[in-house]
Colleague: 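Starting off with a structure, shown below.
Scope of the values below: all heavy atoms of this structure, side chains included, with no hydrogens, waters or symmetry mates. Just follow the structure's listing: the first ligand is 1, and inside any ligand the first atom is 1.
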Amino acid sequence: MSLDLVSETSTHTPETSTTERARAPLTPNSLRSIVRELAEQPEQWIHLVRLSTEERWYQRLVAEDDHEVWLISWLPGQSTGFHDHGGSRGAFTVALGELEELSLGGPEQGLLIRRVPVGTARAFGPEYVHDVRNTASGPAVTLHAYSPPLSSMAHYDLRAGGLVRTSEEGPEQW
Ligand SMILES: [Fe+2]
């Protein structure tokens with residue numbers, strides 16, 4: 001991930017927290033509401049969107065004690081690979097375009113592949129692992145919320161026996 005694409009511009013001006021105390025994490029449903037509401041206000045973020053042929057482009061829109069929100073763009077073929085969220089809960093919604101999400105179900109379900117069309121939101125708990133990709137023919141723009149803010153992210157390979165953890169990255173890499 002290239003650092004020069006990340007800035008902490010906040011267009012969504014939350015009230016300043018007056019306490020240093022760590023707050024309880026938001027629920028996946030609350031995070032889903034946050035990304036849905038923001039997706040309905042494109043004037044807050046549409047002018048920030050960039051596209052990068054190198055990799056997915058992303059920018060943090062909100063950095064609060066208890067959650068953060070990221071804006072991400074995806075050209076056709078760009079994907080995350082299987083990853084977790086370091087114990088954070090999360091949600092994302094597709095504001096433009098369409099994505100596909102892969103996750104592992106139970107032993108009888110195997111690999112689950114979901115279309116995530118524009119207007120759809122997905123929310124997940126702290127143990128969730130998925131691979132998100134743009135398999136469509138045009139670009140996609142998504143909004144993602146995490147609580148607590150992401151502190152690490154591990155990557156996995158899907159092998160015959162299941163998901164195998166291959167690497168981990170921290171905030172210094174994004
Ligand atoms: Fe993710």
Side-chain angles (χ1 to χ4, degrees), residues 1-3 5-6 8 25-39 45 48-52 54-64 66-105 109-136 139-159 162-174:
M1 293 189 173
S2 51
L3 292 171
L5 292 175
V6 179
E8 297 190 10
L26 303 184
T27 64
N29 276 341
S30 301
L31 295 168
R32 175 165 32 212
S33 298
I34 287 171
V35 293
R36 279 206 153 130
E37 283 173 24
L38 203 48
W45 47 264
L48 300 172
V49 175
R50 301 288 180 270
L51 298 171
S52 168
E54 305 271 309
E55 60 178 345
R56 286 168 299 118
W57 170 91
Y58 47 92
Q59 179 169 316
R60 184 157 42 195
L61 298 181
V62 176
E64 283 286 286
D66 59 352
H67 76 283
E68 62 184 356
V69 178
W70 291 81
L71 175 65
I72 303 184
S73 73
W74 314 64
L75 284 172
Q78 291 181 333
S79 66
T80 60
F82 279 98
H83 63 278
D84 66 22
H85 309 87
S88 293
R89 296 153 174 80
F92 68 96
T93 190
V94 178
L96 293 166
E98 176 175 321
L99 294 179
E100 186 176 85
E101 183 190 31
L102 281 66
S103 61
L104 270 194
Q109 295 170 302
L111 184 65
L112 303 175
I113 303 176
R114 291 184 191 82
R115 267 185 70 228
V116 192
V118 65
T120 310
R122 300 271 308 142
F124 49 84
E127 308 299 325
Y128 196 57
V129 175
H130 63 169
D131 178 8
V132 184
R133 44 177 71 176
N134 183 358
T135 54
V141 175
T142 51
L143 291 151
H144 302 243
Y146 303 102
S147 180
L150 288 174
S151 58
S152 66
M153 196 183 283
H155 293 271
Y156 299 79
D157 275 351
L158 181 59
R159 299 192 186 149
L163 291 168
V164 178
R165 189 180 175 112
T166 53
S167 64
E168 182 170 322
E169 59 182 307
E172 65 282 358
Q173 286 146 289
W174 63 66

Colleague: Check salt bridge (charged side-chain N to carboxylate O under 4.0 Å, His left out) between E168 and all other residues, then give those that pass, not counting sequence neighbours.
Modeller: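 With neighbours one apart ignored, the set is R165.
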
Colleague: Do T27 and R32 meet the criterion of a side-chain donor-acceptor pair at a distance under 3.5 Å?
Modeller: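 Per modelled atom types, T27 and R32 side chains form no pair under 3.5 Å.
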
Colleague: Protein N, O or S atoms at less than 2.8 Å from the Fe ion (ligand 1), how many?
Modeller: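 For the Fe ion (ligand 1), protein nitrogen, oxygen or sulfur atoms under 2.8 Å: 3.
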
Colleague: Counting distance only, does the side-chain N/O of D157 pair as donor-acceptor with the main-chain N or O of R159 below 3.5 Å?
Modeller: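 Not at all, since once roles are kept as given, no pair shorter than 3.5 Å links the two residues.
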
Colleague: Side chains of R50 and Y58 only: does a donor on one sit below 3.5 Å from an acceptor on the other?
Modeller: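 The answer is no; no qualifying pair exists.
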
Colleague: Do D84 and Y156 have a side chain donor and acceptor closer than 3.5 Å?
Modeller: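 Present: a donor and an acceptor within the cut-off.
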
Colleague: Say whether H130 and H85, considering side chains only, have a donor N or O and an acceptor N or O under 3.5 Å apart.
Modeller: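 Result is yes, a qualifying pair exists.
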
